[in-house]
There are 2 protein chains.
Amino acid sequence: MGRWQPDARARLQEAALALYGERGYEETTVAEIAERAGLTKRTFFRYFTDKREVLFWGSELLEQQMVAAIEAAPASTSALGLIGAALDAAAVRFEEVREFAGPRHRIIASSRELQERELIKAASLAAAMARALRARRFGDTVAALAARTGTTVMHVAFEQWVDDPNQTAFQQIARDALAQLREIASTG
Amino acid sequence: MGRWQPDARARLQEAALALYGERGYEETTVAEIAERAGLTKRTFFRYFTDKREVLFWGSELLEQQMVAAIEAAPASTSALGLIGAALDAAAVRFEEVREFAGPRHRIIASSRELQERELIKAASLAAAMARALRARRFGDTVAALAARTGTTVMHVAFEQWVDDPNQTAFQQIARDALAQLREIASTG
DNA sequence: ACAAGTGATGTCACCTGGTGACATCACCAT
DNA sequence: ATGGTGATGTCACCAGGTGACATCACTTGT
């Protein structure tokens, strides 16, 4: 036992998720989140750079795992094949947090500020995947296009997944979406 | 002549662009922008909902023109063909504002807040194009994938275009990028 | 065992973005 | 002239965010 209650970060995250869900993101104050966690506004800002970031802790981990999947794939894999591998890695992570995904997604969908933050996380992810593709000797344009296509497929698949009454696996949905994209691109 | 200096909005935009460029976005205060335009902080917020929006005035027009291009295309056009038509419409607009595009782009690239705003504008554009595709009887998934692919190609092409020493036409760059995307999707 | 850290937290003062309520003031229509 | 009307100014206020400094429980060197 330390001198303070442990897991301050986790307590702040729980408090924020609960309050954002109960009263809405904009109607919730950082001071209220901190109070609910038994802490201070100032301490909140020591753990999270701003009021939005508390919902996005762990996105770097996802990014690392998707990049690692690209790096670990066989040498002859095509660009979109590597994106498929990255999406499979994302699927593992998403299934782990399935129970929180719905509520969190609805909160984000309710606020423009939060959507903006989610989009820049996706852009960061795309940039990281593009770097990994360039390291594999793909050209700049191909790397950028394939990487952003990866986040496109991820988001489209994610939205189908969170609301799916059949609880279909994310991997399944994402693979189907990627196949559909290939189809679109080869048609016409 | 009116009772006030006319074009308050334009003056605010000019002042903001100049100050963001000279001193940086974060170091510039809304009060300073308003003062430079001979107005008040309160008036700034009557024209623009926030400090970021002053750089994005006119994005609805681009959105409308791209959607109109989709609606005006021949009935048998494929999904990516429609996206190509939308990109051609965007090209017209971009060439009109080429001289401002570079400075504006560098300002946006310098600030996370501004990048977030740009990304949500792109998301709004993608949603509008997806609606236009659904109105053409494309399925939800196809519409969402194709529309987001359109913004992907637009952004990748835009970045090549603004820094291009040869001043290549945006339309050319965008068409090449779209062709490359088709190539990626059909390979492997 | 005691002094000197160390690190997480609290306190306080402050700036800036953003908003609501109300006052002005030039022009316009009747 | 009289009473709108619409763009602007004034003022007070809240919340997000930050820097500087104080606390205080525990750790470490001697």
Side-chain angles (χ1 to χ4, degrees), chain A residues 1-57 107-108 110-118 120-121, chain B residues 1-57 107-108 110-118 120-121:
Chain A
M1 267 304 152
R3 33 207 150 157
W4 312 282
Q5 294 291 333
D7 297 319
R9 167 166 277 128
R11 271 154 49 216
L12 287 167
Q13 283 178 299
E14 286 164 24
L17 196 65
L19 287 170
Y20 291 168
E22 290 168 16
R23 318 168 38 163
Y25 169 76
E26 303 212 337
E27 291 68 35
T28 301
T29 233
V30 172
E32 290 168 347
I33 298 170
E35 190 185 6
R36 175 140 168 175
L39 293 166
T40 306
K41 175 187 156 192
R42 192 67 185 84
T43 298
F44 177 96
F45 287 113
R46 287 198 179 98
Y47 283 98
F48 305 102
T49 56
D50 60 45
K51 192 187 171 187
R52 300 163 271 301
E53 205 65 17
V54 65
L55 284 180
F56 295 91
W57 193 255
I107 291 170
I108 292 173
S110 75
S111 155
R112 177 175 168 154
E113 274 187 18
L114 292 172
Q115 288 169 57
E116 288 182 332
R117 182 55 50 87
E118 181 162 62
I120 209 171
K121 295 293 182 186
Chain B
M1 264 304 153
R3 34 208 149 154
W4 312 282
Q5 295 291 332
D7 296 321
R9 166 166 278 127
R11 271 153 50 217
L12 287 166
Q13 283 178 299
E14 286 164 25
L17 196 65
L19 287 171
Y20 291 168
E22 290 168 15
R23 320 169 36 164
Y25 169 76
E26 303 212 338
E27 290 70 35
T28 301
T29 232
V30 172
E32 290 168 348
I33 298 170
E35 190 184 7
R36 176 138 167 178
L39 292 166
T40 307
K41 174 188 156 191
R42 193 66 185 84
T43 298
F44 178 96
F45 286 113
R46 288 199 179 98
Y47 283 98
F48 304 102
T49 57
D50 60 44
K51 191 185 171 190
R52 300 163 271 301
E53 205 65 18
V54 65
L55 284 180
F56 295 91
W57 193 256
I107 291 170
I108 292 173
S110 75
S111 155
R112 177 176 167 152
E113 274 188 20
L114 292 172
Q115 289 169 57
E116 288 183 332
R117 182 55 51 87
E118 181 162 63
I120 209 171
K121 295 292 182 188

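Remember, predicted model here, so these are calculated numbers, not experimental data. So you know, we letter chains A, B, ... as the sequences are listed, proteins then strands, and number each from 1.
- Note: CD (B/Glu26) to P (D/dG17) measures 12 Å, nearest angstrom.
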Take nucleotides 10-16 of chain C nucleotide by nucleotide from the 5' end and write B, S or -, depending on whether a protein heavy atom sits under 4.0 Å from the base, only from the sugar-phosphate, or from neither. BB----S

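- Residue contacts shown for B/Ala8 are limited to sugar-phosphate atoms, with no base heavy atom under 4.0 Å away.
- Rounded to whole Å, the distance from CG on B/Asp7 to C1' on D/dA7 is 14 Å.
- Note that OG1 of A/Thr28 and CG of A/Leu17 are 10.5 Å apart. Values are rounded to the nearest 0.5 Å.
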How far apart are the C-alpha atoms of A/Arg23 and A/Glu32, what are their side-chain angles, what is the distance that settles it, and do they pass the salt bridge (Lys or Arg N to Asp or Glu O under 4.0 Å) test? CA-CA 11 Å; A/Arg23 318 168 38 163; A/Glu32 290 168 347; 3.1 Å; yes

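- Axis angle between the ends of the helix from C/dA1-D/dT30 to C/dT30-D/dA1, five pairs each and rounded to 10 degrees, works out to 10°.
- Residue A/Arg9 places no side-chain N or O under 4.0 Å from the OP1 or OP2 atom of C/dA8.
- The pair B/Glu116-A/Arg52 does not count as a salt bridge, with every side-chain nitrogen at least 4.0 angstrom from each carboxylate oxygen.
- Relative to the ring axis of B/Phe48, B/Arg9 places its NZ or CZ within 45° and under 6.0 Å from the centre.
- Atom OG1 of B/Thr29 sits about 10.5 Å away from atom CZ of B/Phe44, to the nearest 0.5 Å.
- Summarising the geometry, the separation between CD on B/Glu53 and P on C/dT19 is reported as 12 Å, rounded to the nearest angstrom.
- The CG atom of A/Asp50 sits 13 Å away from the C1' atom of D/dA15 (whole-angstrom rounding).
- Straight-line distance from the OH atom of A/Tyr20 to the C1' atom of D/dA15: 12 Å, rounded to whole Å.
- Rounding to the nearest 0.5 angstrom, the gap separating the CG atom in A/Asp50 from the CZ atom in A/Arg117 is 4.0 Å.
- A heavy-atom distance below 4.5 Å is found between the side chains of B/Tyr25 and B/Lys51.
- Using a 4.0 Å cut-off between charged nitrogen and carboxylate oxygen, A/Arg112 and A/Glu26 do not count as a salt-bridge pair.
- Under the ring pair (Phe, Tyr, Trp, His ring centres under 6.0 Å) criterion, A/Phe45 pairs with no residue, sequence neighbours left out.
- Atom CD of B/Glu113 is separated from atom P of D/dG16 by 14 Å (rounded to the nearest Å).
- One interatomic measurement links the two molecules: CG of A/Leu19 to P of D/dA15, which rounds to 14 Å at whole-angstrom precision.
- In this entry the distance linking CZ of B/Phe48 with P of C/dT19 reads 14 Å, nearest Å.
- Contact annotation: B/Tyr47 side-chain N/O to D/dT8 OP1/OP2 distance is under 4.0 Å.
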